[in-house]
Novice: 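Supplied in structure tokens, the structure appears directly below.
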There are 2 protein chains.
Amino acid sequence: MYEAINRYIGLCANFTPGETSYFNSLLQFRKVKKKTLLLQEGEVCNFEAFVNKGCIRNYYIDENGAEVTLQFAIEDWWVSDIASFHDRKPSHMFIETLEDCEILVLTPETKEELLHKVPKFERMFRLMVQRNLSRMQERLFQTISTNATNKYLDFLERYPSIPQRVAQHYIASYLGMSPEFLSKVRTRLAKK
Amino acid sequence: MYEAINRYIGLCANFTPGETSYFNSLLQFRKVKKKTLLLQEGEVCNFEAFVNKGCIRNYYIDENGAEVTLQFAIEDWWVSDIASFHDRKPSHMFIETLEDCEILVLTPETKEELLHKVPKFERMFRLMVQRNLSRMQERLFQTISTNATNKYLDFLERYPSIPQRVAQHYIASYLGMSPEFLSKVRTRLAKK
DNA sequence: CCTGGCCATTGAACCAGGACAAGAAAATGA
DNA sequence: TCATTTTCTTGTCCTGGTTCAATGGCCAGG
């Protein structure tokens with residue numbers, strides 16, 4: 001149950017067995033069915049979840065009702081709305097399971113306790129957020145500078161397992177194009 | 001020289017006067033002239049800079065030579081390529097002063113020393129990166145979901161001082177549109 | 001006080017991708 | 001199993017934004 005997450009934290013810093021098992025003791029294990037909303041716009045996000053199994057996405061909905069997917073979180077990813085989680089303020093995001101999932105959850109309280117007792121975890125979370133940020137920077141750059149076909153090709157390369165797991169229109173909403181157009185891109189690519 | 005940055009760190013955590021002045025002693029003060037490249041693609045970023053005075057931008061250049069501005073850093077902002085800085089790997093970014101600047105600089109060594117001696121700073125850097133990340137998430141959402149006019153209006157609201165300080169085509173490259181089109185957007189808005 | 005080099009503006013032609021609609025295919029579930 | 005819903009495809013038309021080119025304003029440096 002904790003192998004994956006312990007492997008993950010091991011890559012960020014060296015923790016003693018005691019620290020690791022203390023960390024594990026703070027995590028809540030949850031099974032969640034497909035198509036469950038873990039967070040809705042307006043709610044305060046009260047979790048940071050590590051995905052043990054399954055696939056989760058977070059997305060925004062714009063004023064026309066169109067969804068923009070921010071992230072697909074699969075095995076070994078964290079998912080949360082950190083801004084809402086950290087500042088205890090209402091979120092603008094939705095977080096939804098796309099498959100039956102198993103997750104390990106920290107709450108604001110358990111995270112605070114963890115950081116207080118084992119400050120070394122500050123570093124882990126900093127590294128985690130840093131990686132996220134620089135990924136986000138690349139993504140913004142790509143969103144602005146690249147056309148639909150290349151965005152899709154790049155997505156395939158970067159996340160080869162996702163297209164087999166999630167519906168195509170979610171990918172379109174991640175790439176910032178209409179589902180119809182993604183379909184056209186795909187047929188064009190297939191013809192070559 | 002240190003008022004601004006000490007105010008900044010004070011908002012993140014409580015530091016003793018000793019910790020604060022130790023922190024200050026690690027910072028390098030630098031004056032940099034307008035239009036200086038602090039970082040070029042291919043170089044390893046060896047600084048995290050706090051802007052005491054002036055305006056700095058970081059940007060990417062895409063395969064067609066078009067610039068995409070990621071951020072304008074003015075007073076009280078940090079600027080760096082964290083991915084390159086942290087992993088000591090070549091950057092894809094450019095960082096350039098747009099005005100004569102005064103900055104306070106941490107190097108990988110001084111930052112490491114700081115974190116080692118005063119681990120409380122881990123938290124400060126985590127919060128800094130977190131804020132950056134959630135800002136980036138909003139921005140990606142807006143980039144995908146909003147039209148040019150609203151992007152510009154939103155920019156004016158969020159960064160009212162920037163348009164008076166930097167050339168318009170930099171703003172266009174931040175907003176992900178051509179300078180010509182930003183100009184057209186502006187005249188349209190002015191007519192109302 | 002010129003002058004050369006940005007910079008912003010404007011217009012015309014063009015195009016990548018969106019919106020809409022209608023079917024086909026696939027997944028879901030009773 | 002069949003029926004219903006969801007997803008994907010395909011075609012047509014449309015538009016927001018790009019590209020290219022020309023013009024004029026504005027400094028900054030000699």
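Per chain, numbering begins at 1; letters A, B, ... match sequence-line order.
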Novice: Rounded to the Å, how far apart are Glu99(A) CD and dA27(C) P?
Specialist: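 Taking CD of Glu99(A) and P of dA27(C), I get 14 Å after rounding.
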Novice: Are any of His169(A)'s side-chain N or O atoms less than 4.0 Å away from OP1 or OP2 of dC8(D)?
Specialist: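 Affirmative; the distance criterion is met.
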Novice: From the options dA8(C), dG11(C), dG17(D), select the nucleotide whose nearest atom is closest to the side chain of Lys184(B).
Specialist: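 Out of dA8(C), dG11(C), dG17(D), the nucleotide with an atom closest to Lys184(B)'s side chain is dG11(C).
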Novice: Please determine if Arg7(B) forms a cation-pi arrangement with Tyr2(B), meaning its NZ or CZ atom is less than 6.0 Å from the six-membered ring centre and no more than 45° off the ring axis.
Specialist: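 Cation-pi check for Arg7(B) and Tyr2(B): fails.
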Novice: Output the rounded distance in Å from CE (Met177(B)) to P (dT19(D)).
Specialist: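 The answer, rounded to whole Å, is 13 Å.
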Novice: Among dT10(D), dG17(D), dT19(D), find the nucleotide with the atom closest to the side chain of Asn147(B).
Specialist: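 Among dT10(D), dG17(D), dT19(D), the one nearest the side chain of Asn147(B) is dG17(D).
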Novice: To the nearest Å, how far apart are Arg165(A) CZ and dA27(C) C1'?
Specialist: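 After rounding, the gap between these two atoms is 18 Å.
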Novice: When the distance from CG of Leu175(A) to P of dA16(C) is rounded to whole Å, what number comes out?
Specialist: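 Going from Leu175(A) (CG) to dA16(C) (P), I get 18 Å.
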Novice: Distance to the ring centre below 6.0 angstrom and angle to the axis at most 45 degrees; does that hold for Lys111(A) and Phe85(A)?
Specialist: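 Not flagged: Lys111(A) not positioned over aromatic ring of Phe85(A).
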Novice: Reckon Lys151(A) touches a base, only the sugar-phosphate, or nothing at all at heavy-atom distances under 4.0 Å?
Specialist: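 If one applies the 4.0 Å heavy-atom cut-off, Lys151(A) turns out to touch nothing in the nucleic acid.
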Novice: Any pair with a residue in residues 77-88 of chain A that passes side-chain hydrogen bond (donor to acceptor under 3.5 Å, both in side chains), sequence neighbours left out, goes on the list, sorted by first then second residue, please.
Specialist: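 Output for this query lists Asp81(A)-Ser91(A).
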Novice: Nearest of dT12(D), dG17(C), dC8(D) to any side-chain atom of Gln168(A)?
Specialist: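 Given the options dT12(D), dG17(C), dC8(D), the side chain of Gln168(A) is closest to dC8(D).
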Novice: Closest to the Ser183(A) side chain: dA8(C), dT9(D), dT7(D)?
Specialist: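 Closest nucleotide to the Ser183(A) side chain: dT9(D).
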Novice: Between dT18(D), dG17(C), dT7(D), which nucleotide gets closest to the side-chain atoms of Phe181(A)?
Specialist: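 Between dT18(D), dG17(C), dT7(D), the one nearest the side chain of Phe181(A) would be dG17(C).
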Novice: Using a distance-only test with no angle check, is there a side-chain donor-acceptor pair under 3.5 angstrom linking Asn52(A) and Glu75(A)?
Specialist: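 No, because no side-chain N or O of Asn52(A) sits under 3.5 Å from a partner of the opposite role on Glu75(A).
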Novice: Could you give the CD-to-C1' distance, from Gln164(A) to dA27(C), as a whole number of Å?
Specialist: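 Rounded to whole Å, this separation is 18 Å.
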Novice: Classify Ser178(A) by what it touches in the nucleic acid, base, sugar-phosphate, or nothing, heavy-atom distance under 4.0 Å.
Specialist: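 The answer is sugar-phosphate, as Ser178(A) gets under 4.0 Å only of primed atoms, P, OP1 or OP2.
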Novice: Measure CG/Leu98(A) against C1'/dT7(D) and give the value in whole Å, please.
Specialist: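 Between C1' of dT7(D) and CG of Leu98(A): 14 Å.
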Novice: Send over the distance from Lys35(A) NZ to dT5(D) P, rounded to a whole Å.
Specialist: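 In whole Å, dT5(D) P and Lys35(A) NZ are 15 Å from each other.
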Novice: If you only use heavy atoms from C-beta on, which nucleotide in dG17(C), dC7(C), dT9(C) is closest to the side chain of Arg186(B)?
Specialist: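 Among dG17(C), dC7(C), dT9(C), the one nearest the side chain of Arg186(B) is dT9(C).
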Novice: For the pair made of OH in Tyr152(A) and P in dG17(C), what is the distance, rounded to whole Å?
Specialist: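 That distance rounds to 15 Å.
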Novice: Under 6.0 Å from the six-membered ring centre of Tyr59(A) and within 45° of its axis: does the NZ or CZ of Arg57(A) meet both?
Specialist: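 The answer is yes; both the distance and angle limits are met.
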Novice: Tell me which of Ala148(A) and Glu180(A) sits closer to the 5' end of DNA chain C, going by the nucleotide each one is nearest to.
Specialist: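 That would be Ala148(A).
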